[in-house]
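Start at 1 with the first residue, then count along the sequence. The model shown is predicted, which means the values in this text are computed figures rather than measured ones.
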Amino acid sequence: MQLFASTVLVGLLLLISIRDIKTMRIADGLNALLALAGVIWWLLSNPASLPLQVGMAFLAACLLWFVRLIHTKLTGRIGLGFGDVKLIGAGMIWVNPHLFPLLLFTASAAGLVGVFSFSGGGTGDLKSRRIPFG
């Protein structure tokens, strides 16, 4: 069962990533499907953990929304899309709450790799470029 759930998770994340790279948007439907699949996983594997998982997912999304708000107020630019905020929330349903810092670190490191990948290896004019973070 864990192999099946892992395959579903990887497949959904791959679909989300491909869509984000192509369109610079993360579809709400894909985020909802990711969250729903996570809820189903916890209902089947450990139902008692579901309230904690959903609560942490909500808190993670709120935290990223707050970071987005503060960044926008300080810079006048949107640095993190709502789709990315929702993706963290949906993804956190799958992740042990103790691993939230690792998830943020991994996402940030992947974002930096993406910046250099989409900028051709140099920094160029990154302030005016959009990078598919999802």
Side-chain angles (χ1 to χ4, degrees):
M1 187 163 84
Q2 189 165 2
L3 178 62
F4 178 74
S6 297
T7 303
V8 168
L9 175 60
V10 169
L12 285 170
L13 291 175
L14 188 60
L15 282 172
I16 289 168
S17 297
I18 290 169
R19 168 131 180 165
D20 193 23
I21 288 168
K22 287 183 176 182
T23 66
M24 301 297 291
R25 297 185 62 89
I26 298 174
D28 286 343
L30 289 174
N31 271 334
L33 193 56
L34 180 65
L36 178 62
V39 167
I40 292 170
W41 163 248
W42 284 106
L43 283 173
L44 294 174
S45 64
N46 186 358
S49 294
L50 184 58
L52 175 64
Q53 295 301 131
V54 171
M56 282 303 295
F58 177 75
L59 288 175
C62 287
L63 174 67
L64 269 286
W65 176 82
F66 185 71
V67 167
R68 179 188 196 277
L69 180 70
I70 296 298
H71 177 270
T72 303
K73 293 275 188 203
L74 292 175
T75 66
R77 294 179 291 124
I78 297 173
L80 191 64
F82 276 126
D84 300 312
V85 171
K86 294 177 219 175
L87 179 60
I88 286 291
M92 270 305 294
I93 291 176
W94 288 85
V95 177
N96 181 312
H98 293 104
L99 296 177
F100 180 60
L102 180 62
L103 176 70
L104 279 182
F105 172 77
T106 304
S108 300
L112 287 174
V113 168
V115 165
F116 290 109
S117 297
F118 284 94
S119 65
T123 55
D125 183 21
L126 292 179
K127 287 184 177 183
S128 63
R129 299 192 72 183
R130 293 180 63 203
I131 305 295
F133 187 61

> For Val85, which residues count as a side chain to side chain contact (heavy atoms under 4.5 Å, CB included) partner, sequence neighbours excluded?
Replying inline: Ala61, Leu64, Trp65, Arg68, Leu80

> When rounded to the nearest 0.5 angstrom, what is the spacing between CG in Leu50 and CD1 in Ile93?
Replying inline: 8.0 Å

> Within a strict 4.5 Å, meaning less than it, do heavy atoms of the Ile26 and Lys86 side chains meet?
Replying inline: no

> In Å, rounded to the nearest 0.5 Å, how long is the span from CG of Leu9 to CZ of Phe4?
Replying inline: 12.0 Å

> Side-chain heavy atoms under 4.5 angstrom apart, residues restricted to Ile, Leu, Val, Met, Phe, Trp, Tyr: same cluster for Leu36 and Trp42?
Replying inline: yes

>> With a 4.5 Å cut-off on side-chain heavy-atom distances among I, L, V, M, F, W and Y, is there a chain of contacts connecting Leu99 to Leu59?
In response: yes

> Which heavy atom of Leu12 sits nearest a heavy atom of Leu34, and at what distance?
Replying inline: CD1-CA, 3.8 Å

> Would a hydrophobic clustering, with Ile, Leu, Val, Met, Phe, Trp and Tyr connected at side-chain separations under 4.5 Å, put Ile88 with Leu52?
Replying inline: yes

> For the atom pair CG (Leu87) and CZ (Phe82), what is the distance rounded to the nearest 0.5 Å?
Replying inline: 14.5 Å

> CG/Leu33 to CG/Asp28 distance, rounded to the nearest 0.5 angstrom?
Replying inline: 12.5 Å

>> Suppose we screen for side chain to side chain contact (heavy atoms under 4.5 Å, CB included). Which residues come up paired with Ala5, at least two apart in sequence or across chains?
In response: Trp41, Trp94

> Once you round to the nearest 0.5 Å, how far does CG of Leu103 lie from CE of Met56?
Replying inline: 10.5 Å

> So which heavy atom on Asn96 is nearest to which on Met92, and how close?
Replying inline: O-CE, 4.4 Å

> If every non-hydrogen atom of Gln53 is compared with every non-hydrogen atom of Val95, which pair is closest and at what distance?
Replying inline: NE2-O, 2.8 Å

> Given side chains that start at C-beta, do those of Ile70 and Phe66 come closer than 4.5 Å, heavy atoms only?
Replying inline: yes

>> Is there a path of hydrophobic side-chain contacts, each under 4.5 Å between heavy atoms of I/L/V/M/F/W/Y residues, joining Val8 to Leu43?
In response: yes

> So, for Ala48 and Pro51, which heavy atoms are closest and what is the spacing to 0.1 Å?
Replying inline: O-CD, 3.5 Å

>> Rounded to the nearest 0.5 Å, what separates atom CD1 in Ile16 from atom CG in Asp84?
In response: 10.5 Å

> Same hydrophobic cluster for Met1 and Ile40, using side-chain heavy-atom links shorter than 4.5 Å among ILVMFWY?
Replying inline: yes

> Does a salt bridge link Arg25 with Asp20, judged by any charged N lying under 4.0 Å from a carboxylate O?
Replying inline: no

>> Could you report the tightest heavy-atom contact between Asn31 and Gly83, atom names first, then the distance?
In response: ND2-O, 3.2 Å

